[in-house]
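The block underneath contains the structure these notes are about, expressed in structure tokens.
Below, chain A is the first sequence line, B the second, and so on; all start at residue 1. As a basis for the values below, the full set of heavy atoms in this structure was taken, side chains included, without hydrogen atoms, waters or symmetry mates.
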2 protein chains.
Amino acid sequence: MEPVSAEHVTTFRRFNRYFTRRIGVLDDHYLGQNRPLGEARLLFEIGTGASLKDLRTRLGLDAGYLSRMVRALEAQGLVRVSVHPADSRLRLAELTAAGRDELAEQHRRADGLAEGLLSGLSEEQRGRLAEAVTVAERLLRLAGITVRAVDAGSADARACLAGFAAELDERFPEGYDTADLVPPARIAVFLVAYEEERAVGCGVLCAPDADTAEIRHLWVHPEARGLGLGRRVLTELERAAVERGHRVVRLDTHEVLKEAATLYRTSGYAEIPAYDEDAHASYWFEKPLPPSPPVPPPVPR
Amino acid sequence: MEPVSAEHVTTFRRFNRYFTRRIGVLDDHYLGQNRPLGEARLLFEIGTGASLKDLRTRLGLDAGYLSRMVRALEAQGLVRVSVHPADSRLRLAELTAAGRDELAEQHRRADGLAEGLLSGLSEEQRGRLAEAVTVAERLLRLAGITVRAVDAGSADARACLAGFAAELDERFPEGYDTADLVPPARIAVFLVAYEEERAVGCGVLCAPDADTAEIRHLWVHPEARGLGLGRRVLTELERAAVERGHRVVRLDTHEVLKEAATLYRTSGYAEIPAYDEDAHASYWFEKPLPPSPPVPPPVPR
DNA sequence: ATATTTCTTTGACTTTAGTCAAAGGAAAGT
DNA sequence: ACTTTCCTTTGACTAAAGTCAAAGAAATAT
């Protein structure tokens, strides 16, 4: 959309360089006592147990290389390897007590180093640093999330709807039945947000008529909340509605979903009378859309 | 001093982990086309020219290893090596045109990646990210700076005083003569601030009498400004004064040094009448010190 | 039931990274 | 003038990291 200013690029790169030089050295994995970096990383990644396949993709390693490393850790008594119960082609790696001990020691050292570094600051400054890195992490995570239109029947789409329904079921005193989800046939656009290939949010656009679009099932995975992802998906849905030529978009929400109502109000939605008798709705909102299609974006690249 | 809260350690470590995983991969040096990381780093570090000795300490490499790598780059036509004009034991490495081209390409790629990442955010979010990383970088730099008492005649002490004098000479219309510096014999404590072994600031404590301490030549290297280092050195000087049993500390400053007066005022100093006729002073300040020695700190560790 | 795909293991490599010690030329200390 | 220290080069290594291909066992597709 907007071009990225050179100043922001410079600032960000300066930080990257400084940070990797200063802190990268104090990276957790370099603290694996006398262990080669690869093994230390592997130990860390196995954590509470993982299949070799997972480890391979997570660490981006060659299959042969990984196999040997895991066997080396096994020979050292740090890891136990078993056949995966569900699929006997897979191997499952888990830490032994000794492995957990070493990992714990690794964490203790990392804590010690971080503590040493932070001790050079006053408590107030530490607070400001903590806040700054929290903000930076949130924004970096958000920047790495992509929102894509997917088939409403795809596994990711269904997983998101299941997450959405499970959460409403918990939040509503009367529960929530997956039958109340919008039927796939009525879905015009299904957006899924991906964070590193994991589906972490969704939103559905329906088209009750040519003028009107309706947004439903806007949901963000609990682990991806607080990043501003809800707003991002909402914006993308509106963009899709504009592209499809709708002139107004409406949606409903319920008072138990406080954050939602705030999001809609601050996104230009105005409350309107009920347009249906959804049992799970207590507010109805509407927002006019700009004429479609907007000027085609200048495609910076 | 104050213990570091576990929460801050956790927050900071979480960020470290996330950042090195997400961004470390996009580290400048990994962008050295098909070049081994070591060579790419070396190319980057040579930049506008450096002695092998410098490179060795900056990169922390074995002398033999470095020598071979430089020769390899030379064989590839990226680097030119010559005898150092001032000391013929040293070798000077410089980039050739081809070397500069490759480095420029490396930078372009890094810029491109950073831009791609930032393009996932709105302009407003990018601004917030830039601000957050700027704050974080400042605080991390400050945290890495150590302030130590050194001999007033040491090279670092003299280098700082020279920097201080040169700056005043430039700022004062009438100039500043190094003869106006406090004579070494009258220096009770000389503190130097080190950032990664580089002297980046200083402060002098004199002791006109048993009750009174006087702070002079408080200075921070231009490249280390904005970190809060001036306040840090000031605090350390006051601590030294308390330890030595002084009951009050005074200092003077001049109106052309605006930042200084603000620092003193916000550090508990009150303006007092002139206690000398220093040509470079237009304000005089004083601050009472707590009784000495303060309760010995609880030494957390 | 057969072919194809997926996942892991093994063997046989290469490249990168790094260490250590000896040696020689140049500068600095005495 | 001398010894000592500093800086670089060279030889002779080792360890870590990574690649590629073949092969076998298990699951999936046809």
Side-chain angles (χ1 to χ4, degrees), chain A residues 20-21 24-25 27 29-46 49-76 78-94 155 197, chain B residues 20 24-25 27-46 49-76 78-94 155 197:
Chain A
T20 45
R21 195 167 53 77
V25 178
D27 179 4
H29 305 112
Y30 282 99
L31 305 170
Q33 10 261 54
N34 283 328
R35 199 163 289 296
L37 183 57
E39 282 184 18
R41 268 204 323 229
L42 186 50
L43 212 55
F44 182 90
E45 210 65 38
I46 290 173
S51 71
L52 294 201
K53 188 197 173 209
D54 266 18
L55 293 170
R56 199 147 42 78
T57 55
R58 287 222 294 266
L59 291 164
L61 295 175
D62 173 82
Y65 185 29
L66 174 67
S67 173
R68 258 182 279 259
M69 255 201 298
V70 169
R71 295 300 168 178
L73 289 176
E74 195 180 23
Q76 292 170 66
L78 301 174
V79 163
R80 199 180 321 114
V81 181
S82 55
V83 173
H84 196 289
D87 180 344
S88 24
R89 286 174 306 181
L90 293 169
R91 296 288 171 277
L92 198 65
E94 289 165 297
E197 309 306 307
Chain B
T20 45
V25 177
D27 180 2
D28 295 7
H29 304 113
Y30 282 98
L31 305 170
Q33 11 260 55
N34 283 329
R35 200 163 288 297
L37 183 57
E39 282 185 18
R41 269 203 324 229
L42 186 50
L43 212 55
F44 182 90
E45 209 66 40
I46 290 174
S51 71
L52 294 201
K53 187 196 175 210
D54 266 18
L55 294 169
R56 198 146 43 77
T57 55
R58 287 222 293 267
L59 291 163
L61 295 175
D62 173 81
Y65 185 29
L66 174 67
S67 174
R68 257 182 281 257
M69 255 200 300
V70 169
R71 295 301 167 178
L73 289 176
E74 195 180 23
Q76 292 170 66
L78 302 174
V79 164
R80 199 178 323 113
V81 181
S82 57
V83 173
H84 196 287
D87 180 343
S88 24
R89 285 172 306 181
L90 293 169
R91 296 289 171 276
L92 199 65
E94 289 164 297
E197 308 307 306

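Atoms CD (A:Glu74) and C1' (C:dT8) sit 13 Å apart, rounded to a whole Å. Spacing between atom CG of A:Leu66 and atom P of D:dG18 amounts to 12 Å, rounded to whole angstrom units. Summarising the geometry, the separation between CG on A:Leu55 and P on C:dT8 is reported as 9 Å, rounded to the nearest angstrom. Between the CG atom of A:Leu90 and the P atom of D:dT28 there is a distance of 10 Å, rounded to whole Å. The nearest whole Å value for the distance from the CG atom in B:Leu52 to the C1' atom in C:dG25 is 15 Å. What separates CG of A:Leu73 from C1' of D:dA16 is a distance of 14 Å, to the nearest Å. The CG atom of B:Asp62 sits 12 Å away from the P atom of D:dT8 (whole-angstrom rounding). Spacing between atom NE2 of B:His84 and atom C1' of C:dG25 amounts to 17 Å, rounded to whole angstrom units.
From A:Ile46, atom CD1 reaches atom CG of A:Leu92 across 9.5 Å, with rounding to the nearest 0.5 Å.
Nearest heavy atoms, B:Gly64 versus B:Asp62: N-OD2, 2.9 Å. In this structure, B:Gly38 and B:Met69 approach most closely via the heavy-atom pair C-SD, 3.6 Å. Annotation for A:Lys53 and A:Leu90: closest pair CB-CD2, 3.7 Å, computed over non-hydrogen atoms. Across all non-hydrogen atoms, the minimal contact from B:Glu94 to B:Gly49 is CG-CA, 4.1 Å. Across all their heavy atoms, B:Ala63 and B:Arg56 have their closest contact at CA-CD, 3.4 Å. Scanning both residues, A:Leu78 and A:Arg35, for their nearest heavy atoms gives CD1-NH2, 3.3 Å.
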Can you tabulate the close N/O pairs, meaning under 3.5 Å, that link protein atoms to atoms of nucleotides 1-6 of chain D?
unit_1 : atom_1 : unit_2  : atom_2 : d
D:dC6  : O4'    : B:Arg89 : NH1    : 3.4

Could you go over nucleotides 13-16 of chain C and give all protein N or O partners under 3.5 Å, atom names and distances?
none

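Summary of the strand contacts: A:Met69 and B:Ala63 both lie near DNA chain D, and taking for each the nucleotide with the nearest heavy atom, the more 5' one is attributed to B:Ala63.
At distances below 3.5 Å, at least one donor-acceptor pair connects side-chain atoms of B:Arg58 with backbone N or O atoms of B:Glu45.
Of the candidate nucleotides C:dT8, D:dA26, C:dA27, D:dA26 has the atom lying nearest to any side-chain atom of A:Ser88.
Nucleic acid contact for A:Asp87: sugar-phosphate only, since backbone atoms but no base atoms lie under 4.0 Å from a heavy atom of the residue. A:Arg68 comes within 4.0 angstrom of a nucleotide base, judged by non-hydrogen atoms across all strands.
Contact annotation: the side chain of A:Leu61 never approaches that of A:Leu55 to less than 4.5 Å [non-hydrogen atoms, C-beta and beyond].
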